[in-house]
Amino acid sequence: MLPPSPVFAKPDDWQPLTPEVIAALPESPAVFEVSNLVRSVLYIDRAHGKLRERLTSLWQDTAKLPVRPGGHYFRYELTAHEDEALQKRLAAYRKHHREALPPINHEAERQMRAAPPPKRDAEKRPRLVERPAADAVIFSTVPAQA
């Protein structure tokens with residue numbers, strides 16, 4: 001028996017996270033969930049207006065989404081309000097998982113908290129130069145010219 005065509009799959013159905021399935025997706029704003037073979041949600045995020053591009057980059061990033069036996073699956077919801085939809089999905093997940101985030105979201109949040117604040121470029125900050133007082137004596141090692 002052949003697997004169902006990804007073109008006719010509904011957005012809220014779990015689909016394999018493969019290049020062929022991703023290529024058939026719309027390039028639209030959306031919120032998506034990524035899971036393992038048994039559909040345990042690993043990651044929830046928004047597409048930043050480009051679902052196909054976002055899932056392609058996620059699929060290629062083995063540091064963020066390590067290779068797993070059985071592969072990864074995803075489902076998505078097209079929405080014009082990604083931030084609001086993302087917050088709803090995360091809240092629903094937390095409600096059913098004792099206020100925990102999905103594992104990859106949790107790790108990303110932990111790394112953000114542990115990371116030191118970004119350093120400012122010294123060149124961009126104005127430098128304060130102390131000028132000697134008017135009555136100060138300035139010594140020099142250069143001989144005076146007559």
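Predicted model only: the values in this text are computed from it and were never measured.
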Novice: Less than 4.5 Å apart, side chain to side chain, heavy atoms only: is that true for L58 and F74?
Specialist: no
Novice: Just verifying a value: how many Å separate H81 NE2 and R46 CZ, rounded to the nearest 0.5 Å?
Specialist: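 CZ of R46 is found 13.0 Å from NE2 of H81.
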Novice: Looking at every heavy atom in both R54 and S57, which two are closest together, and how far apart are they?
Specialist: O-OG, 2.9 Å
Novice: Going from CG on L55 to CD on Q15, what distance comes out if it is rounded to the nearest 0.5 angstrom?
Specialist: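 Reported value, rounded in 0.5 Å steps: 9.5 Å.
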Novice: Minimum heavy-atom separation for Y93 to L101, with atom names?
Specialist: CE2-C, 3.5 Å
Novice: What distance do E33 atom CD and W14 atom CH2 have between them, rounded to the nearest 0.5 Å?
Specialist: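 The CH2 atom of W14 is 5.0 Å from CD of E33, to the nearest 0.5 Å.
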Novice: Counting C-beta onward and ignoring hydrogens, is there a side-chain heavy-atom pair between I44 and F32 closer than 4.5 Å?
Specialist: no
Novice: Taking the side chain as every heavy atom from C-beta outward, state whether Y76 and S28 have any atom pair closer than 4.5 Å.
Specialist: no
Novice: Starting from the C-alpha separation in whole Å, work towards a yes-or-no answer on side-chain contact (heavy atoms from CB on, under 4.5 Å) for V31 and K88.
Specialist: CA-CA 10 Å; V31 172; K88 285 181 182 178; over 6 Å; no
Novice: Just by modelled atom types, is the E27 backbone N or O under 3.5 Å from a matching donor or acceptor in the E53 side chain?
Specialist: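 Side chain of E53 to backbone of E27: no pair is present.
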Novice: Are side-chain heavy atoms of K64 and Y43 found at a separation under 4.5 Å?
Specialist: yes
Novice: Measuring only between side-chain heavy atoms, which start at C-beta, is D13 closer than 4.5 Å to R75?
Specialist: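 They are not in contact (no side-chain heavy atoms under 4.5 Å apart), so the answer is no.
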Novice: Taking all heavy atoms of L37 and all of G70, pick out the closest pair and write down the distance.
Specialist: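 L37 and G70 have their closest heavy atoms at CD1-O, 3.8 Å.
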Novice: Just how far is it from atom CG of L86 to atom CG of D45, taken to the nearest 0.5 Å?
Specialist: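 Reported value, rounded in 0.5 Å steps: 6.0 Å.
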Novice: Identify each donor-acceptor pair in which a side-chain atom of residues 107-114 lies under 3.5 Å from a protein atom, sequence neighbours left out, and give them as a table.
Specialist:
{"unit_1": "E107", "atom_1": "OE1", "unit_2": "R110", "atom_2": "NE", "d": "3.4"}
{"unit_1": "E107", "atom_1": "OE2", "unit_2": "R110", "atom_2": "NH2", "d": "2.6"}
{"unit_1": "E107", "atom_1": "OE2", "unit_2": "Q111", "atom_2": "NE2", "d": "3.2"}
{"unit_1": "E109", "atom_1": "OE2", "unit_2": "R113", "atom_2": "NH2", "d": "2.7"}

Novice: Grab the two heavy atoms, one from N36 and one from L42, that are nearest each other, plus how far apart they are.
Specialist: N-CD1, 3.9 Å
Novice: Working to the nearest 0.5 angstrom, can you tell me the gap between T56 OG1 and L51 CG?
Specialist: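 Answer for the OG1-CG pair, T56 versus L51, is 9.0 Å.
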